[in-house]
Amino acid sequence: MKVVLLAGGFGTRISEESVFRPKPMIEIGGMPILWHIMKEYAYYGHTEFIICAGYKQEFIKEWFANYFLHCADVTFDYTHGRNEMTIHHSEVEPWKVTVVDTGYNTMTGGRIKRVQKYVGDEPFFMTYGDGVCDVDINKLLAFHQSHGRLATLTAVKMKQEKGILNIGGDNAVKSFREKNLADGAPINAGYMVLQPEIFDLIAGDETVFEKDPLNRLVDEGQLMSYVHEGFWQCMDNIREREMLEKLLQAGQAPWKKW
């Protein structure tokens, strides 16, 4: 299945880094957090990615354009008056990556809508490009396939400033509301599985996916939660980036299964 990654926002809460590059391209362990998320999905066999770029989208395109070269042993031969390049060996992952400029000021729903032609008429994964998780992707997919609803999101219990979920005993999402720091309720951690009908719920560039589309799914009983009791952490600020960096350096990064 294809994996859609939202990577177009401004990342204002980590502006110390995002002023130079898109937030998903900020590095932990020497590689962009976006790459870490892609490695998570690839570990479970999902290797086709569609990146919804926007702010500084050229940075993402240039990084992937050079990725193969940077992962290879290369000989540059100028002895015949030409620039001849021979690649001897490359450790690049067998991925297919489509980077789409989804607009500078486009909202999250609009970005998803803009990549519809690349997704096609099939279910797909979707997550945010700034959070890592050790959720079992294939168990998440199996849960989604078992209930027959249009959407599944991964829910985690953390005291975070994120969208709040009210989940019923059958794991159906009963209500969805935006941020409240006082809440310790399950939150939307991303790592979603979506049916292609989701595109019909998105009006255009101004649509915030976490508002009208998700609330409509809730009202229609079409949004389910996969409750994850393991690790999840977004990278909203420098402190969280440093925390993720320390986990990697200590060899204790739960999301790093590869």
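Keep in mind that what you see is a predicted model, and the values were worked out from it rather than measured.
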*Using a strict 4.0 Å threshold on nitrogen-to-oxygen distance, state whether D101 and R114 make a salt bridge.*
no

_Qualifying residues under salt bridge (Lys or Arg N to Asp or Glu O under 4.0 Å), relative to E206, sequence neighbours excluded_ = none

_Donor-acceptor check, side chain of E245 to backbone of G29, threshold 3.5 angstrom: yes or no?_
yes

_Pairs satisfying salt bridge (charged side-chain N to carboxylate O under 4.0 Å, His left out), at least one member in residues 82-94, at least two apart_ = K39-E93, R82-E84

*Would a distance-only check, ignoring hydrogens and angles, find a side-chain to backbone donor-acceptor pair under 3.5 Å from R149 to G221?*
yes

*F49 pairs by ring-ring contact (aromatic ring centres under 6.0 Å, His included) with which of F125, W35, W95?*
W95

*Take D136 and H228, measure what side-chain hydrogen bond (donor to acceptor under 3.5 Å, both in side chains) needs, and give me the verdict at the end.*
CA-CA 9 Å; D136 187 315; H228 176 58; over 6 Å; no

*Donor + acceptor pair across side chains of D77, T79 (<3.5 Å)*: yes

*Kindly indicate whether the side chain of M38, heavy atoms from C-beta on, has any atom under 4.5 Å from the side chain of L5.*
yes

*Taking the side chain as every heavy atom from C-beta outward, state whether W258 and E40 have any atom pair closer than 4.5 Å.*
yes

*Has the side chain of H36 got a donor or acceptor atom that lies under 3.5 Å from a matching backbone atom of V132?*
no

*Mind checking the CG-CE spacing from L6 to M126? Nearest 0.5 Å is all I need.*
5.0 Å

*Angle class for the F199/F124 ring planes (parallel below 30°, perpendicular above 60°, tilted otherwise)?*
parallel

*ring-ring contact (aromatic ring centres under 6.0 Å, His included) with W255: which of F231, W232, Y43?*
F231

*Between atom CG of L244 and atom CD1 of I26, what is the distance when rounded to the nearest 0.5 Å?*
11.0 Å

*Using modelled atom types only, decide if a donor and an acceptor are shared between the side chain of K2 and the backbone of V119 within a distance under 3.5 Å.*
yes

*In plain terms, say whether D236 and K23 are close enough for a salt bridge, that is, a side-chain N and a carboxylate O under 4.0 Å apart.*
yes

*Kindly give the heavy-atom pair with the smallest separation between P213 and I202, and that separation in Å.*
CG-CG1, 4.3 Å

*If you count the non-hydrogen atoms of other residues, nucleotides and ligands that lie under 6.0 Å from CE in M85, is the total more than 12?*
no

_For Y41 and Y191, take the angle between the two ring planes, folded into 0 to 90°, and tell me which bin it lands in: parallel under 30, tilted 30 to 60, perpendicular over 60._
parallel

*In Å and rounded to the nearest 0.5 Å, what is the CD to OG1 distance from Q195 to T152?*
8.5 Å

*asked:* For the CG atom on N66, are there more than 12 heavy atoms of other groups (residues, nucleotides or ligands in this structure) within a distance under 6.0 Å?
replied: yes

_Are the side chains of K113 and T207 in contact, using a 4.5 Å heavy-atom criterion?_
no

*For the residue pair Y78 and F76, does the interplanar ring angle fall in the parallel (under 30°), tilted (30 to 60°) or perpendicular (over 60°) class?*
parallel

_Test of ring centre spacing under 6.0 Å for Y67 and W63_ = yes

*asked:* Measuring from atom CD of Q222 to atom CG of L214, what distance do you get when rounded to the nearest 0.5 angstrom?
replied: 12.5 Å

*asked:* Rounded at 0.5 Å granularity, tell me how far NZ in K256 sits from CG in L247.
replied: 11.5 Å

*Working to the nearest 0.5 Å, report the span between CE of M192 and CE of M224.*
14.5 Å

*Do any N or O atoms from the side chain of T108 and from the backbone of F209 form a donor-acceptor pair under 3.5 angstrom?*
yes

*Would you list the pairs meeting salt bridge (charged side-chain N to carboxylate O under 4.0 Å, His left out) in which at least one residue belongs to residues 217-231, sequence neighbours left out?*
R216-E220

_Membership question, hydrophobic clusters at under 4.5 Å side-chain separation (ILVMFWY): are V92 and I60 in the same one?_
yes

*Apply side-chain contact (heavy atoms from CB on, under 4.5 Å) to I50 and V100, showing your working.*
CA-CA 7 Å; I50 301 168; V100 183; 4.2 Å; yes

*Under 3.5 Å, is there a donor-acceptor pair between the side chain of R111 and the main chain of T106?*
yes

*Please find out if less than 6.0 Å separates the ring center of F10 from that of Y104.*
yes

*Applying the 4.5 Å side-chain criterion to the ILVMFWY set and letting contacts propagate, would V115 and I198 be lumped into a single cluster?*
yes

